[in-house]
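These notes are about the structure you will find just below.
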2 protein chains.
Amino acid sequence: MEILPERTVERLSHYRRVLSKLLEINKEYIYSHEIAKLLHITPVQVRRDLMLIGHSGTLRKGYRIRELISLIGTIIDNPEKYKVAIIGFGKLGHALLNYLTENESNLHLVALFDTNPEKIGTTNNNVICYSVDRIPEIIKRYNIDMALLTLPPQFAQRTANQLVESGVKGIINYTSSILSVEGAFLEQYDMIASLEKVAYFTKPEFYL
Amino acid sequence: MEILPERTVERLSHYRRVLSKLLEINKEYIYSHEIAKLLHITPVQVRRDLMLIGHSGTLRKGYRIRELISLIGTIIDNPEKYKVAIIGFGKLGHALLNYLTENESNLHLVALFDTNPEKIGTTNNNVICYSVDRIPEIIKRYNIDMALLTLPPQFAQRTANQLVESGVKGIINYTSSILSVEGAFLEQYDMIASLEKVAYFTKPEFYL
DNA sequence: TTTTACTTGTTACTTCAATAACAGATTAGA
DNA sequence: TCTAATCTGTTATTGAAGTAACAAGTAAAA
């Protein structure tokens, strides 16, 4: 299978979640325009995405929901569960912990890390919080695939290096520091930039 | 001034923050390739962004940092401070509160909203938490421009409608529900989709 | 049975963003 | 003073993402 566009992968994640809810209410087939309406996108985009993953619908009946969900799974999930760690167990780290435990998915949260002695050793939603000093040890021991950085920005680069050396293959950086990472997929999410962007686009002179 | 590309605006936000730190250590001029190195992008992109905002550097000396920072300010900031509210004062809301109070910027956090009686009426970093029932009243009273949605997904759409009706011009939706909003700029940030995307791109068969 | 309406699947086009290429200007050094 | 190195500013090219257009096929209705 060809490598998919980033946006398509994101939408596949959406499709799956929305469709799962429909399965629960025993809907069997769905049209591209119905999916589109749910996600506020165009039917063409839906069909195009499904074309890319090689899913065929039935003419005038639409797509078989159960089949589609399982196909999306085989494409975006790993055969084994993805193992995830959160580095920095502050407010944001805690929020991510909740997201990961509430939404069941193929992602399995395995470890938390922090520097605060009061947090180290505690168990939160069945996940243990370790000292950041033990990052290489624990990452290797559990074969953790992906790390979410929610620690103070000044430690982000150093920690990222450690993580990649220990075998992490994906990093999401929620700190405001800009990282350079080789040998792993890096996603930056800068909240301040995001806020300032929205502020810019809400300027009165841009009202359409 | 022409409307700027979204990505450029995000980078301008980065430029400003990085440059501000350099001002503090009394650096006066900077080359495009220096900026580029700090942000891990190309010098061309820096020059192109600065061209778009109409900033001129000095040949063989680079860009005057103080001047550039202030120009970026006149472009991405509003003349008055942007007023921001956080809807849903859970872990993520609290994390955003911290971001907004730690990083000084043109954004001014004015109100929090929640449903929990224990939170309503409390003051956090000098910001009062109100009941969500008072959203229209408070939004209008303080002329709030922008809202950050960190509440349970099932209330997101209804709340977004209320906010726009009350005059909010920008919304960042951190819930996993997909919104449709007319009359305001909407930015979605779906953590689960983001996690699943990174998981997809860390699959072994994509290693370059 | 024939026609019409509808829905998929794919190719072609457009728009937005990033990268490359290069002309022009200035400073430092020969 | 002249030459070479360097850095900016802009245009041209490439690439990624989204949108439009439409052929093909099927089910339902006439």
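Naming convention: chains lettered A, B, ... in sequence-line order (proteins, then strands); numbering from 1 in each chain.
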Check ion pair A:Arg64-A:Glu28 (N to O, under 4.0 angstrom): yes

Reckon [X] has a side-chain N or O less than 4.0 Å from the OP1 or OP2 of [N]?
X       : N      : result
A:Ser32 : C:dT7  : no
A:Thr58 : D:dT26 : no
A:Arg11 : D:dG18 : yes

Test item: B:Lys91 side-chain N/O and A:Asn98 main-chain N/O as donor-acceptor pair under 3.5 Å: no

Mark yes or no for whether A:Asp145, through its side chain, and A:Lys83, through its backbone, hold a donor-acceptor pair below 3.5 Å. yes

Could you please spell out the steps behind the side chain to side chain contact (heavy atoms under 4.5 Å, CB included) verdict for B:Arg16 and B:Ile76? CA-CA 10 Å; B:Arg16 174 161 66 173; B:Ile76 71 176; 3.6 Å; yes

Answer yes if the side chains of B:Arg17 and B:Ser13 hold a donor-acceptor pair under 3.5 Å, and no otherwise. yes

Mind checking if A:Arg60 touches a base, just sugar-phosphate, or nothing, with heavy atoms under 4.0 Å? base

May I ask you to verify whether the side chain of A:Arg47 and the base of C:dT10 hold a donor-acceptor pair under 3.5 Å? no

Has the side chain of B:Arg48 got a donor or acceptor atom sitting under 3.5 Å from an opposite partner on the base of C:dT19? yes

On DNA chain C, check which nucleotide each of B:Asp49 and A:Ile30 is closest to and give me the residue with the more 5' one. A:Ile30

Can you figure out which of [options] approaches the side chain of [X] most closely?
X       : options                : value
A:Gln45 : C:dT10, D:dA24, D:dT19 : D:dT19
B:Ser56 : C:dA20, D:dG9, C:dA17  : D:dG9
A:Tyr31 : C:dT8, C:dA21, C:dT10  : C:dT8
B:Thr42 : C:dT19, D:dT19, C:dT8  : C:dT19
B:Arg7  : C:dA17, C:dA21, D:dA12 : C:dA17

Atom pair distance, as rounded to whole Å: [atom1] in [X] and [atom2] in [N]:
X       : N      : atom1 : atom2 : result
B:Tyr63 : D:dT6  : OH    : C1'   : 13 Å
A:Glu6  : C:dA17 : CD    : P     : 15 Å
A:Met51 : D:dA24 : CE    : P     : 17 Å
A:Lys61 : C:dA5  : NZ    : C1'   : 18 Å

Ranking B:Gly57 and A:Leu59 by the position along DNA chain D of their nearest nucleotide, the one closer to 5' is B:Gly57

